[in-house]
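Everything quoted here is computed from the prediction, not taken from an experiment.
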There are 2 protein chains.
Amino acid sequence: MGRSRVQGKHAGLTRDQVLQAAVHLADRDGAAALSMRKLARELDVEAMTLYHHVQNKQGLEDAIVEYVLAESLSPPPPPPASWQQVVAGHADELHRGLAKHPGAVPLFASRTAITPRTLAILEHLLRVLRDAGFAPRTALHLVYAVAGAVVGQHLAYAGEQNQQPADVADLAGDDLPVLAEALAGGPVTMESRLEFTLTALIAGFETLLPGG
Amino acid sequence: MGRSRVQGKHAGLTRDQVLQAAVHLADRDGAAALSMRKLARELDVEAMTLYHHVQNKQGLEDAIVEYVLAESLSPPPPPPASWQQVVAGHADELHRGLAKHPGAVPLFASRTAITPRTLAILEHLLRVLRDAGFAPRTALHLVYAVAGAVVGQHLAYAGEQNQQPADVADLAGDDLPVLAEALAGGPVTMESRLEFTLTALIAGFETLLPGG
DNA sequence: TGACCTCACTTACGGCGTAAGACTAGCATC
DNA sequence: GATGCTAGTCTTACGCCGTAAGTGAGGTCA
């Protein structure tokens, strides 16, 4: 009694509102700080209410991952393009989606989103790669490698942000001359790391092509 | 009162015992199931006692990561070898270490171990790569890419294990013919994925060499 | 002897996820 | 209108969690 809200019993909370608020909360405070109670408070509702829109907390986290992916990955291939461009474009979409919701990144570490939508996108990528000459299984490996690299770099970057800013460059000092030299040009950004990794991966894939 | 243990006040618990038990617990029940209280119970001790040997829970997790790395990574380069062999060997050590403690894998997602030991190993790798013709910064990118790939594949694999065994191969059916074909040869193992990724990465690095 | 240090224990607080169940509004049916 | 059903919400409660704060027993050394 005495809630500030309308207290009408059917407030008309929808699953979409719940998801949107959850993504927002994760973006703001990080995935680790996401709790059912806090999310409910945000929506001016009791915690247990959320369980009508979401199976449990893991279900909520799954839904966040799907939400972020759905927001980022575009299903159709617009113009004819080289497989390199298609793969790089896919990686870039994924990268941008994660960059948009950095708080949700840890959720990607422990789950694989298997939805009709993601499967359709996967199938499309596989088709492009097969048409380019890759065996289907090799193509699957390739897609996994690219997705893993993108998520992995984001994860690593997020982890570093949470760490003491004890500048590694200082530690490097005289004992670690090559490391010091490598860091001389300023800290390594995630973007540059990701770009390097993807460039190397794609170049490596080219050498694996039967005719290459 | 009335504990079953000796109840002598100084039981002689050491940090090493704590760490070993923590790694064991993580291996058995997974990192998510690791709690100060459970760990204390395992050691027949009260939870707060652990705080004499470890700063807090995050400190414990950091220590586990260091422990696993220290157990796995060998610092010296034994015989002269190609940079490709050195890099592949390093990746293999890391892979084996993670495979030995799968429960600890999630802890690697959110932190970068910066210890004198790991820095020394990093320096060594950078030196080998620089001597092979890579610019120091490129070499650093390269090491990050490899480490990220190994940890990423383990993470992805661990995530899949926790998921419904809804056989993707079944879902693939007729709508996703290329995916079905890719999965026809049985499920993709982590080993094969990792090997593929590393092969591609190293092949890609070769193309980035000034003289290559 | 007594001061001090180290290690372990006790108690307590505020959080968490969620099982079980009670209440209520709206709707379909008679 | 009365009845009963359903779905959305709230209440209560349980057993976890990390850890701050305080207590006290043994050992060490002046």
Can you name the atoms? Protein N/O to nucleotides 17-21 of chain C N/O, anything below 3.5 Å, with the distance.
{"from": "C:dG17", "atom 1": "OP1", "to": "A:Met36", "atom 2": "N", "distance (Å)": "3.2"}
{"from": "C:dG17", "atom 1": "OP1", "to": "A:Lys57", "atom 2": "NZ", "distance (Å)": "3.3"}
{"from": "C:dG17", "atom 1": "OP2", "to": "A:Met36", "atom 2": "N", "distance (Å)": "3.0"}
{"from": "C:dG17", "atom 1": "N7", "to": "A:Arg37", "atom 2": "NH1", "distance (Å)": "2.3"}
{"from": "C:dG17", "atom 1": "O6", "to": "A:Arg37", "atom 2": "NH1", "distance (Å)": "3.0"}
{"from": "C:dG17", "atom 1": "O6", "to": "A:Arg37", "atom 2": "NH2", "distance (Å)": "3.4"}
{"from": "C:dT18", "atom 1": "OP2", "to": "A:Tyr51", "atom 2": "OH", "distance (Å)": "2.6"}
{"from": "C:dT18", "atom 1": "OP2", "to": "A:Lys57", "atom 2": "N", "distance (Å)": "3.0"}
{"from": "C:dT18", "atom 1": "O5'", "to": "A:Tyr51", "atom 2": "OH", "distance (Å)": "3.3"}
{"from": "C:dT18", "atom 1": "O4", "to": "A:Arg37", "atom 2": "NH1", "distance (Å)": "3.4"}

Checklist entry - Between B:Glu46 (CD) and D:dA21 (C1'), how many Å, whole number? => result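 Spelled out: CD on B:Glu46 to C1' on D:dA21 is 16 Å.
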Separation of B:Leu50 atom CG from C:dC9 atom C1', in whole Å?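 Atom CG in B:Leu50 sits about 12 Å away from atom C1' in C:dC9.
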I want to check one thing: is the phosphate of [N], taken as OP1 and OP2, less than 4.0 Å away from some side-chain N or O of [X]?
X: A:Thr49; N: D:dC10; answer: yes
X: A:His53; N: D:dA7; answer: no
X: B:Arg15; N: C:dC7; answer: no

- Please determine if B:Arg28 and B:Glu42 form a salt bridge, counting it only when a charged side-chain N lies under 4.0 Å from a carboxylate O.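 B:Glu42 and B:Arg28: salt-bridged.
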Q.
For A:Tyr144 and B:Tyr157, I'd like to know if the aromatic rings sit close, meaning centre-to-centre distance below 6.0 Å.
A.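 Not under 6.0 Å, so no.
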Practice task
Mind checking salt bridge (charged side-chain N to carboxylate O under 4.0 Å, His left out) for A:Glu61 and listing every partner two or more places apart, or none if nothing turns up?
Solution key: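 Salt bridge (charged side-chain N to carboxylate O under 4.0 Å, His left out) check on A:Glu61 returns A:Arg111.
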inquiry  = Tell me every residue that passes salt bridge (charged side-chain N to carboxylate O under 4.0 Å, His left out) with B:Arg127, counting only those two or more places apart in sequence or in another chain.
reply    =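 Once residues adjacent in sequence are excluded, the partners of B:Arg127 under the salt bridge (charged side-chain N to carboxylate O under 4.0 Å, His left out) criterion are B:Glu123.
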Salt bridge (charged side-chain N to carboxylate O under 4.0 Å, His left out), that's the test. Do B:Glu71 and B:Lys100 meet it? Break it down for me. CA-CA 10 Å; B:Glu71 197 189 50; B:Lys100 203 161 152 193; 3.7 Å; yes
ask   = Any idea how A:Phe196 and B:Phe205 line up, ring-wise: parallel (<30°), tilted (30 to 60°), or perpendicular (>60°)?
value =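 Geometry flag for B:Phe205 against A:Phe196: parallel rings.
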